[in-house]
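Source: prediction; values computed, not measured.
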Amino acid sequence: MATTNITDEDIQDDPFFATGSPCFQEIQLNETQMEDCTPLKHYDYFTNSDASFIISFSALGAFAIGTAGVLYLMAKRHQKEGEKLRRAQRKKSVKKSVTEDTSAVHHSLMAIEWIGKKEGERNILLKFDDHRKQILVRSSQNKPIRTIDLSHTNEVTITLSTDKRINFLLLHVPKESYDLVLKFDNTHHRQQFHDKLIGYLGNIGIGQQQNVKKEEEIFKTAKTKAKRQKLLDRFFRIIFAHAFNIKGFEEEVQMVSAEAQDIITCELTKTEFAESLSMKSNSTFVEQMFALVDKDNSGYISFREFLDLIVIFAKGDADAKAKLMFDMYDIENKGCMSREDFKNMLKSLMELANTSLQPDQMESLIDSMFKEAGLHNVKTIRYEQFKQILADYKDALSYSQLNWQGADIPDAAKPDKVAAHKKRECTTES
């Protein structure tokens with residue numbers, strides 16, 4: 001009543017009892033007139049149902065196990081059918097490759113290459129080249145994948161798996177990019193390949209070390225392409241951080257000390273060097289540049305050798321780059337270059353720029369360059385004459401950079417950034 005506008009006159013004196021009220025109430029209820037409360041109860045579903053529940057859950061478990069078993073059998077069947085299909089494809093590809101390359105009939109072998117845990121496997125064709133001391137790895141379509149060069153080593157390591165189906169073989173060649181891990185359909189096929197490999201290595205005078213490991217250990221210790229690429233990324237970043245003194249990459253340089261064994265001892269193969277330039281390994285420019293940089297003729301480019309090359313392009317002037325080009329095509333190391341060598345140099349530079357000239361246009365260009373330098377009738381030139389020919393191109397040569405598209409390098413080390421930096425330096429000095 002305190003919160004409404006009702007007055008005392010609006011309700012009866014005792015609102016809990018109906019006396020003389022139009023609202024009829026027969027009797028006032030009390031606790032003696034009410035039923036007792038029903039007590040709380042629970043129902044045990046397992047009581048007297050033990051057998052039925054045991055049978056029900058057993059049936060469900062048997063169904064789950066049966067389903068898993070059927071799926072497993074289906075997977076195994078699918079795997080076997082896949083293996084049969086792959087074997088048929090390999091036989092077909094080998095037959096086709098042998099038909100196309102009759103010189104390799106006795107050296108063509110098929111296998112499955114294990115690339116890595118994430119990368120999986122692929123069908124490959126292997127060919128032994130006795131003359132070049134190389135193992136050629138080709139795809140099932142007979143396209144080149146990689147070349148394993150054995151001409152710069154005296155010994156290789158062969159590791160055989162010892163568990164499960166005993167079908168894996170790992171070939172490790174020192175300084176090669178990554179190991180060759182092969183999987184065979186059965187032990188007999190692996191033994192056949194192993195015998196032929198041993199025979200081939202004996203023919204070319206390469207020694208072997210034989211090891212045995214568990215399959216999982218082979219996978220764990222194998223030097224895969226993915227592991228090699230990770231190492232090369234570090235290799236290139238540290239090289240360029242050193243050469244260009246790039247700020248913000250101090251940790252890259254400091255890692256040289258922490259990972260000296262992995263980084264400083266890393267050596268590039270010719271294929272990796274070509275890939276860092278986005279070029280083919282058999283291109284003239286790559287052949288000549290690699291031969292020049294590989295000062296110890298080891299067949300590989302060391303950390304120091306590669307750094308020396310980068311420093312020339314990072315900090316070298318036009319004369320330093322001209323000397324590098326001259327030395328690249330001074331084939332016999334006599335301090336002179338023939339017109340033919342000069343022509344080969346121009347061809348390789350055009351190859352680098354993805355362009356070319358007709359033979360008569362090339363001869364006209366060379367005649368013009370020699371004539372402008374006052375060397376019209378000269379057949380052999382020395383370094384000073386070489387600089388004389390390139391005098392009109394000195395500025396362009398000073399800004400020239402190799403395009404390291406294949407390498408994971410900082411932006412500051414890319415050709416356009418380096419050239420812009422050099423131009424700013426020249427402007428400041430002038």
For the pair Asp179 (side chain) and Val181 (backbone), establish whether a donor and an acceptor sit closer than 3.5 Å, ignoring hydrogens and angles. no

Apply the test side-chain contact (heavy atoms from CB on, under 4.5 Å) to residues Asn154 and Ile206: give CA-CA distance (whole Å), side-chain angles for both, the deciding distance (0.1 Å), then the verdict. CA-CA 5 Å; Asn154 296 319; Ile206 303 295; 5.7 Å; no

Can you tell if the side chain of Leu277 reaches within under 4.5 Å of the side chain of Phe285, non-hydrogen atoms only? yes

Given 3.5 Å as the limit, does a donor-acceptor pair link the side chain of Asp330 with the main chain of Lys334, or not? yes

Should Thr147 and Thr271 be marked as a side-chain contact (heavy atoms from CB on, under 4.5 Å) after you check the CA-CA gap, both sets of side-chain angles, and the distance that decides it? CA-CA 9 Å; Thr147 298; Thr271 300; 5.7 Å; no

Donor-acceptor check, side chain of Ser348 to backbone of Met345, threshold 3.5 angstrom: yes or no? yes

Applied to residues 146-156, the salt bridge (Lys or Arg N to Asp or Glu O under 4.0 Å) test, sequence neighbours excluded, yields Arg146-Glu176

Where is the tightest heavy-atom contact between Ile301 and Phe273, given as atom of each residue plus distance? CD1-CD1, 3.7 Å

Does the pair Lys295/Glu305 count as a salt bridge with the N-to-O cut at 4.0 Å? no

Within the 4.5 Å heavy-atom criterion, are Met289 and Leu309 side-chain neighbours or not? yes

Aromatic rings Phe306 and Phe235: how do their planes relate, parallel, tilted or perpendicular, breaks at 30° and 60°? tilted

If you draw a 6.0 Å radius around NZ in Lys214, do more than 12 non-hydrogen atoms from other residues or ligands fall strictly inside? no

Taking Glu113 as the fixed residue, which of Lys183, Arg122, Arg138 is the one that meets the salt bridge (charged side-chain N to carboxylate O under 4.0 Å, His left out) rule? Arg122

Charged N to carboxylate O below 4.0 Å: is that the case for Glu119 and Lys225? no

Check whether Gln385 reaches the backbone of Arg382 with its side chain - one donor and one acceptor, N or O, closer than 3.5 Å. yes

Could you tell me whether the side chain of Arg190 and the main chain of Phe168 form a donor-acceptor pair under 3.5 Å? yes

Check step by step if salt bridge (Lys or Arg N to Asp or Glu O under 4.0 Å) holds for Asp319 and Lys323. CA-CA 6 Å; Asp319 288 344; Lys323 184 66 168 67; over 6 Å; no

Can you give me the closest heavy-atom contact between Leu150 and Tyr200, atom names plus distance? CD1-CE2, 3.8 Å

Please evaluate residues Asn167 and Glu215 with respect to the criterion side-chain contact (heavy atoms from CB on, under 4.5 Å), reporting the C-alpha separation (whole Å), side-chain torsions for both, the decisive distance (0.1 Å), and the verdict. CA-CA 9 Å; Asn167 294 343; Glu215 184 179 299; over 6 Å; no

Mind listing the closest non-hydrogen atom pair of Val286 and Ser281 along with its distance? CG1-O, 3.8 Å

Short N-O contact, Glu340 and Lys347, less than 4.0 angstrom: no

With a 4.5 Å limit on heavy-atom distance, are the side chains of Leu182 and Leu126 in contact? yes

How many angstroms lie between CG in Leu109 and CD1 in Ile124, if you round to the nearest 0.5 Å? 10.0 Å

Would you give the length of the straight line joining atom CD1 of Ile112 to atom CG of Asp185, rounded to the nearest 0.5 angstrom? 5.5 Å

Closest approach of Ser276 and Phe236, non-hydrogen atoms and distance? CB-CZ, 3.6 Å

Closest heavy-atom contact between Glu267 and Ser302? OE2-CB, 3.8 Å

Interatomic distance, CG@Leu365 vs CG@Asp360, rounded to 0.5 Å, equals 11.5 Å

Is the shortest side-chain heavy-atom distance between Leu125 and Asn142 below 4.5 Å? yes

Is there a side-chain contact between Trp114 and Ile218 in this structure, where contact means two heavy atoms from C-beta onward sitting under 4.5 Å apart? no

Between Asp367 and Ser364, is there a side-chain donor-acceptor contact under 3.5 Å, judged purely by atom types and distance? no

When you measure from the side chain of Gln288 to the backbone N and O of Met328, does any donor-acceptor pair fall under 3.5 Å? yes

N/O donor-acceptor pair under 3.5 Å between Tyr383 side chain and Met337 backbone: no

Side-chain ion pair, Arg304 and Asp308, N-O less than 4.0 Å: yes

Can you list the steps and then say if Gln210 with Ile198 is a side-chain contact (heavy atoms from CB on, under 4.5 Å)? CA-CA 10 Å; Gln210 302 274 348; Ile198 294 298; 3.2 Å; yes

Going from CD1 on Ile135 to CD1 on Ile204, what distance comes out if it is rounded to the nearest 0.5 angstrom? 7.0 Å

Distance col, row Glu275:CD vs Gln229:CD, nearest 0.5 angstrom, shows 8.0 Å

Write down the atom of Phe342, the atom of Met369, and the distance for their closest heavy-atom approach. CZ-CE, 3.9 Å

Parallel under 30°, tilted from 30 to 60°, perpendicular over 60°: which one fits the rings of Phe193 and Phe184? tilted

Output for pair (Ser177 OG, Leu231 CG), nearest 0.5 Å, gives 10.5 Å

Are Leu201 and Ile158 side-chain neighbours, meaning at least one heavy-atom pair lies under 4.5 Å? yes

Would you check if Tyr300 and Leu268 make a side-chain contact, meaning some heavy-atom pair closer than 4.5 Å? no

Answer yes or no: is there a side-chain heavy-atom contact under 4.5 Å between Lys343 and Pro359? no

Backbone of Ala222 reached by a side-chain donor or acceptor of Lys227 within 3.5 Å: yes

